[in-house]
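Note sheet for the following structure.
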Amino acid sequence: MFEHLEPYAGDPIFRIGDMCRADTRPQKVDLTVGLYFDGQGRIPVLDSIHQAELKRAQQPETRQYLPMEGLPSYRSAVQKLLFGEDSAALNEGRIVTMQSVGGTGALRIGAELLHMASPNSEIWISDPGWDNHHSIFEGAGLKTHTYPYYDSVNGVLLFDSMKQTFKNIPEGSIVLLHPCCHNPTGADLDHAQWEEITDIIMARKLLPFLDIAYQGFSEGLEEDAFAVRLMASKNIPVLVANSFSKNFSFYAERCGGLSVVCQSTNEAERVLGQIKLLVRRIYSNPPLHGARVISDVLNEPELFSIWKNEVDGMRTRIRTIRQKAYDILQKQAPHFDSSFIIKQHGMFSYTGLSLAQIERLRTDYGVYLIDSGRISVPGLNEDNVAYFAESVSKVV
């Protein structure tokens, strides 16, 4: 039955991470997988989450199935976090939100919904972009393309080329965008550029699909939702996939959401019905624990305040270590333009290093980054940032 199947080559990011773990050198540095680490190189357990779990543990509850669309209190909290409590679309009942199995699950259900609604739909994804985006949408039957986004050699956003592409692709096309902390480049549009892109989307009748996996890691929880709220305010169809893996340090619980901004309440009801049908066909019901805990944090003012301060702290640490790496690189390799590391935002930074330089870093110095030159910045800390910068200075 299965003899003809091709072997799976493995995910390239995880493969290089495995290489790092097999390296026996004591001073190795793993900058591959997008995980947030604290200053001691540990994945933190947030106090807001810990307090919510302790409170839950004192009140044993049944484990009855959730509705197909997920926990109601979780879904409404996601809506307020993304769109704001004063959102007209939200208050008019035009936003549908489902609890998803992580951000990846939100993307896949969204892709299935789009393919169901328009079987000939095609989607444009940034170049460079997260590799898994193509696999997710192709797996749902959508043809994928790319639009210019970032020049890694010169370290600049290709905004004019991006706009021109959006003006030329067929009407009704889907465009995948990152509202903040672009993965993999860390290069984001500013507010004025978002306004321009939104105008083009409206004029060309494009359908934006926003993937926000790092809310709070660029400028703040409210500030990072600017593009989401801008597009929702324009009365155009918008899909938003969000993830709580990073900003709650809750990776294994796979908590995310898919929100769809519709043009009427009637349309919203039909969209929710079709989403429930898709979920029923795939996994029937989402998991309970993570949704309950995150719902508690988002809905209880005291826990929310603790969580917001924790997100602020994570964002500050990322900015601080970026500055530290930049300062050392300026001294060690003044000929190398390392300004990208303080211009970019969020978890990732696109170094512009060649594959030969990347392989030298791995082989000679035990510094591991993926083939594209992207580094996961939280992998740096006070103990290894100098070694990282010194190693880079020796290969550039």
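In this text the structure is predicted, and so the values were computed from the model without any measurement.
The aromatic rings of F348 and Y214 stand perpendicular to each other, their planes meeting at an angle above 60°, with 30° marking the opposite boundary. Classification of the H133-F137 ring pair by plane angle, with boundaries at 30° and 60°, yields tilted. Using cut-offs of 30° and 60° for the angle between ring planes, the Y147 and F166 rings count as perpendicular. Classified by interplanar angle (parallel below 30°, tilted 30° to 60°, perpendicular above 60°), the ring pair F226/H191 is parallel.
Annotation: the span from I49 atom CD1 to I306 atom CD1 amounts to 11.0 Å, rounded to 0.5 Å. The line from CZ of F217 to CG of D224 is 10.0 Å long, rounded to the nearest 0.5 Å. Interatomic distance, CG of L258 versus CD of Q99, reported as 12.0 Å (0.5 Å rounding). Taking CG of N91 as the reference point, atom CD of E85 lies at 9.0 Å (rounded to 0.5 Å). To the nearest 0.5 angstrom, H134 atom NE2 is 12.5 Å from L142 atom CG. The structure places CD1 of I375 at 12.5 Å from OH of Y350, a figure rounded to the nearest 0.5 Å.
N183 places a side-chain heavy atom less than 4.5 Å from the side chain of R374. Taking the side chain as every heavy atom from C-beta outward, H335 and V396 approach each other to under 4.5 Å. Taking 4.5 Å as the limit, some side-chain heavy atom of L206 sits within range of a side-chain heavy atom of S173. Contact of the V392 side chain with the Q332 side chain is not registered, since no non-hydrogen atoms from C-beta on lie closer than 4.5 Å. A heavy-atom distance below 4.5 Å is found between the side chains of R21 and D30. No side-chain heavy atom of K246 sits less than 4.5 Å from a side-chain heavy atom of M314. In this structure the side chain of S393 never reaches within 4.5 angstrom of the side chain of F336, judged on heavy atoms. Counting heavy atoms from C-beta outward, F388 and N381 have side chains that stay 4.5 Å or more apart.
Heavy-atom minimum distance, S249 versus L46: CB-CG, 4.2 Å. Contact between A203 and E171 at its shortest, heavy atoms only, is O-OE2, 4.5 Å. The nearest pair of heavy atoms linking I275 to I109 is CG2-CG2, 4.3 Å. Between I201 and L177, the shortest heavy-atom contact is CD1-CD1, 4.0 Å. Across all their heavy atoms, Y251 and I43 have their closest contact at CE1-CG2, 3.7 Å. Of all heavy-atom pairs between S376 and T32, the closest is CB-O, 4.1 Å.
With R229 contributing its side chain and A227 its backbone, the two residues share no donor-acceptor pair below 3.5 Å. Remark: the backbone N or O of M116 is not paired with any side-chain donor or acceptor of Q274 at under 3.5 angstrom. A donor-acceptor contact shorter than 3.5 Å is absent between the side chain of S161 and the backbone of L158. In this structure a side-chain-to-backbone donor-acceptor pair under 3.5 Å is missing from D38 to P44. A donor-acceptor pair under 3.5 Å is absent between the side-chain atoms of N242 and the main chain of I212, judged by distance alone. A donor-acceptor pair under 3.5 Å is absent between the side-chain atoms of S218 and the main chain of C181, judged by distance alone. The closest donor-acceptor contact from the side chain of R56 to the backbone of H289 lies at 3.5 Å or more, if one exists at all. The main-chain N or O of S73 is found under 3.5 Å from a side-chain atom of N299 such that the two form a donor-acceptor pair. Looking at Q79, its side chain does come within 3.5 Å of a backbone N or O of I95 through a donor-acceptor pair. A donor-acceptor contact shorter than 3.5 Å is absent between the side chain of Y36 and the backbone of F248.
A ring-centre distance under 6.0 Å is found for H182 and Y149.
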Next on the checklist: Would Y65 and S284 count as a side-chain contact (heavy atoms from CB on, under 4.5 Å) here? Give the steps.
Outcome noted: CA-CA 9 Å; Y65 286 127; S284 287; over 6 Å; no
Item to check | side-chain contact (heavy atoms from CB on, under 4.5 Å) between I197 and F159, intermediate numbers included | outcome: CA-CA 9 Å; I197 283 295; F159 185 61; 3.5 Å; yes
Checklist entry - salt bridge (charged side-chain N to carboxylate O under 4.0 Å, His left out) between D199 and K163: does it pass, once the steps are laid out? => result CA-CA 10 Å; D199 287 344; K163 287 194 300 181; over 6 Å; no
Checklist entry - Which is it for Y74 and V78 under the side-chain contact (heavy atoms from CB on, under 4.5 Å) test, yes or no, and what are the steps along the way? => result CA-CA 6 Å; Y74 174 94; V78 168; 3.8 Å; yes
Item to check | Trace of the side-chain contact (heavy atoms from CB on, under 4.5 Å) decision for Q357 with R360 | outcome: CA-CA 5 Å; Q357 291 169 325; R360 273 197 65 198; 5.6 Å; no
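Between R315 and D312, at least one side-chain N (NZ, or NE/NH1/NH2) sits under 4.0 Å from a carboxylate O, which counts as a salt bridge. Using a 4.0 Å cut-off between a side-chain N of Lys or Arg and a carboxylate O of Asp or Glu, K394 and E390 do not qualify as a salt bridge. The existence of a salt bridge linking R319 and E219 is confirmed by a sub-4.0 Å separation between a basic side-chain nitrogen and an acidic carboxylate oxygen. No salt bridge links D327 with K324; every basic N to acidic carboxylate O contact stays at or beyond 4.0 Å. In this structure, R292 pairs ionically with E61, as a charged nitrogen and a carboxylate oxygen lie closer than 4.0 Å. Taking 4.0 Å as the cut-off between side-chain N and carboxylate O, K55 and D296 do not count as a salt-bridged pair.
Counted by atom type alone, D47 and Q51 present one or more donor-acceptor pairs between their side chains at under 3.5 Å. Between the side chains of N266 and S264, no donor-acceptor pair is found at a separation under 3.5 Å.
Following chains of ILVMFWY side-chain contacts shorter than 4.5 Å, one can reach F250 starting from L298, so the two form part of one hydrophobic cluster. In the hydrophobic clustering of this structure, V240 does not group with V279; members are Ile, Leu, Val, Met, Phe, Trp, Tyr whose side-chain heavy atoms approach within less than 4.5 Å, directly or through other members. Transitive grouping of hydrophobic side chains (ILVMFWY, heavy atoms separated by less than 4.5 Å) keeps F83 and L272 in distinct clusters. Hydrophobic clustering (side-chain heavy atoms under 4.5 Å, transitive across Ile, Leu, Val, Met, Phe, Trp, Tyr) keeps M231 apart from L176. The hydrophobic cluster containing L90 does not contain M98, counting ILVMFWY residues as joined when their side-chain heavy atoms lie under 4.5 angstrom apart, directly or transitively.
Of the candidates I125, L207, I200, I169, I169 is the only one forming a side-chain contact (heavy atoms from CB on, under 4.5 Å) with V175. With R254 as the partner, the side-chain hydrogen bond (donor to acceptor under 3.5 Å, both in side chains) test is satisfied by one option alone out of S243, S245, S100: S245.
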